[in-house]
Protein chains: 2
Amino acid sequence: MSDDLFVIRRAALFANLLPEDLRLLLKNARIIRFKAHEQIFAAGAQAAALYFLVSGSVRLFSLSSQGDEKVIEVIMPDATFAEGVVFLGGRYPVHAAAVTDSEVVELATHHFSSILANNHDMAMRMLAGLSTRVHQLIQDVASLTLETAGQRVAGYLLSQCSPTCGNEAIHMVIPKNVVASRIGVKAETFSRVLATLRGRELIRVTGNDIHVLDRDALMRWRDGVERT
Amino acid sequence: MSDDLFVIRRAALFANLLPEDLRLLLKNARIIRFKAHEQIFAAGAQAAALYFLVSGSVRLFSLSSQGDEKVIEVIMPDATFAEGVVFLGGRYPVHAAAVTDSEVVELATHHFSSILANNHDMAMRMLAGLSTRVHQLIQDVASLTLETAGQRVAGYLLSQCSPTCGNEAIHMVIPKNVVASRIGVKAETFSRVLATLRGRELIRVTGNDIHVLDRDALMRWRDGVERT
DNA sequence: GACCCCCCTTGACCTGAGTCAAGGAGGGGG
DNA sequence: CCCCCTCCTTGACTCAGGTCAAGGGGGGTC
């Protein structure tokens with residue numbers, strides 16, 4: 001209802017939607033809070049809703065006949081889950097339960113599908129959002145397997161300052177350790193890379209602000225063979 | 001036209017489609033062969049088609065005003081490209097050119113869109129396919145950052161034999177070095193892991209067949225702390 | 001049958017990055 | 001004003017896994 005539900009735009013599925021799309025979708029949406037270990041839905045139940053995780057973490061798992069549990073996936077904030085089965089219309093193939101205290105946005109299947117059925121362009125925007133995300137993720141995988149930690153850090157800095165290309169500072173809103181883990185690097189390593197970049201006067205660090213002093217040199221360093 | 005165009009099912013976008021969906025889509029599709037370095041489309045041109053890469057490799061890049069080229073993405077076989085812009089309807093934001101000799105399936109935008117417009121369920125199946133792929137890729141990223149090479153190899157073996165759960169052999173159709181790179185490991189390391197698994201009698205290797213002897217033990221080894 | 005070629009295996013070595021541990025530095029609360 | 005807590009930095013060490021290099025098969029060709 002209120003605009004704070006617009007957080008769902010952070011999910012690739014909704015990233016390309018227009019404000020009116022979102023308003024329509026969110027008309028019957030509600031935020032639900034789950035305590036740690038509380039069940040969200042059960043495998044085998046008719047898929048009545050899809051979910052967007054606002055905060056906390058959620059476990060998708062199945063139970064073997066012996067009763068032991070196999071974790072299929074752990075959902076982290078800003079991701080949707082159970083959307084696949086909603087598109088196909090069926091039953092949940094897995095159980096879902098909150099790992100830690102969690103907030104989710106619930107979007108009822110029937111409402112969701114009927115909107116999409118009448119709104120072809122919106123479906124297209126969803127397809128576009130998802131395919132962008134797929135390409136992004138493929139890039140991430142590539143960068144994890146064939147770039148060094150230093151290259152990834154440099155790449156991240158470049159990606160952050162590329163719009164404001166000039167001499168603007170990157171203001172690190174999120175704590176450095178979160179950024180580090182986002183690019184697949186330990187906080188210590190991240191710190192060390194910044195230190196060497198500082199030493200080479202490619203960047204200047206002041207508190208939470210990072211100035212890229214020489215964009216081109218930084219790019220060269222990232223792609224570069226020379227790593228003295 | 002002929003059923004060999006059904007290879008496009010390997011792309012997440014088409015993975016969930018029904019045979020009749022595919023036949024419909026492929027009605028006006030054609031295979032195009034590009035020589036290395038040949039251009040496929042130019043940035044700024046109206047997006048007239050989306051592509052599925054059958055073999056070879058394709059470079060997506062943009063040109064700076066100085067004329068130097070920035071590679072945005074390298075497309076590998078079984079992936080689609082330019083689908084995002086087709087969904088939104090617009091102009092190609094980047095140039096595309098074959099890196100090596102390549103075969104692509106071309107699907108015309110107007111044909112594609114009009115089919116989707118009249119076939120809501122098919123759009124749903126595409127959404128489902130893409131969201132499955134997104135979840136898969138997120139898994140891959142997680143596994144690359146927080147599992148060891150050994151765990152990934154074990155995980156791969158388990159994923160390959162899980163349907164035929166029993167004592168069936170996994171027949172490695174694709175060369176081992178390709179499998180290795182698929183799971184983010186060098187061929188040598190892959191080989192070494194197989195060797196230790198063989199030593200522990202968790203698997204038996206005969207030529208290109210790999211028997212998983214003890215599924216549970218292998219799972220334990222994968223998750224396990226003990227790594228003697 | 002002999003040769004070759006490609007793919008796989010194994011060994012020895014090296015290095016990138018993670019781990020562990022010990023300080024700073026800022027900043028909010030008492 | 002001091003204390004503490006959280007986040008960041010730096011150093012020393014370790015180790016997984018990549019690199020380089022040297023064999024071993026197996027299967028196709030002539």
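In what follows, chains are A, B, ... by sequence order, proteins preceding strands, each numbered from 1. On a predicted model such as this, the values are computed, not experimentally measured, just so you know.
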> Picking from dT9(D), dC8(C), dT19(D), which would you name as closest to the side chain of Pro175(B)?
Replying inline: dC8(C)
>> What I'd like to find out is whether the side chain of Ser57(A) reaches to under 4.5 Å of the side chain of Ile75(A), using heavy atoms alone.
In response: no
> With distance as the sole criterion, do the side chain of Arg192(B) and the base of dG11(C) form a donor-acceptor contact below 3.5 Å?
Replying inline: yes
> When the distance from CZ of Phe190(A) to P of dT19(C) is rounded to whole Å, what number comes out?
Replying inline: 17 Å
> Of all the choices, dG18(C), dT19(C), dA16(D), which nucleotide is nearest to the side chain of Thr148(B) once you look at every atom?
Replying inline: dA16(D)
>> Nearest to the Ala149(A) side chain among dT19(C), dG17(D), dA17(C), which nucleotide is it?
In response: dA17(C)
> Within less than 4.0 Å of OP1 or OP2 of dT19(C), is there a side-chain N or O belonging to Lys186(A)?
Replying inline: yes
> When we call it a touch if two heavy atoms are under 4.0 Å apart, what does Ala187(B) touch: a base, just sugar-phosphate, or nothing?
Replying inline: nothing
> Quick one: which of Glu73(A), Glu69(A), His95(A) gives a side chain to side chain donor-acceptor pair (under 3.5 Å) with Arg59(A)?
Replying inline: Glu69(A)
> How many Å lie between CD1 on Ile183(A) and C1' on dG16(C), as a whole number?
Replying inline: 15 Å
> Quick one: Glu147(A) CD to dA17(C) P, roughly how many Å, whole number?
Replying inline: 11 Å
> Nearest-Å distance, CG (Leu144(B)) to P (dG16(C))?
Replying inline: 20 Å
>> Of the listed nucleotides (dC8(C), dA17(C), dT10(D)), which one gets closest to any side-chain atom of Ala195(A)?
In response: dT10(D)
> Rounded to whole angstrom units, what separation is found between the CG atom of Leu194(B) and the P atom of dT9(C)?
Replying inline: 6 Å
> What is the distance from CD of Glu188(A) to C1' of dC13(D), rounded to the nearest Å?
Replying inline: 13 Å
> Counting only side-chain N and O atoms of Thr189(A), is one of them less than 4.0 Å from OP1 or OP2 of dG18(C)?
Replying inline: yes
>> From C-beta outward on Val185(A), which listed nucleotide comes closest to its side chain: dT10(C), dG18(C), dA21(C)?
In response: dG18(C)
> Does the dT10(C) base have a donor-acceptor partner in the side chain of Arg198(B) within less than 3.5 Å?
Replying inline: no
> Once you round it to whole Å, what is the distance between P of dG26(D) and NZ of Lys176(B)?
Replying inline: 12 Å
>> Distance to the ring centre below 6.0 angstrom and angle to the axis at most 45 degrees; does that hold for Arg9(A) and Phe6(A)?
In response: no
> Would you say Asp78(B) and Leu53(B) make side-chain contact, with heavy atoms under 4.5 Å?
Replying inline: no
> Taking atom P of dG26(D) as reference, at what distance in whole Å does atom CG of Asp209(B) sit?
Replying inline: 14 Å
>> Is the distance from the ring center of Phe81(A) to that of Phe52(A) below 6.0 Å?
In response: no
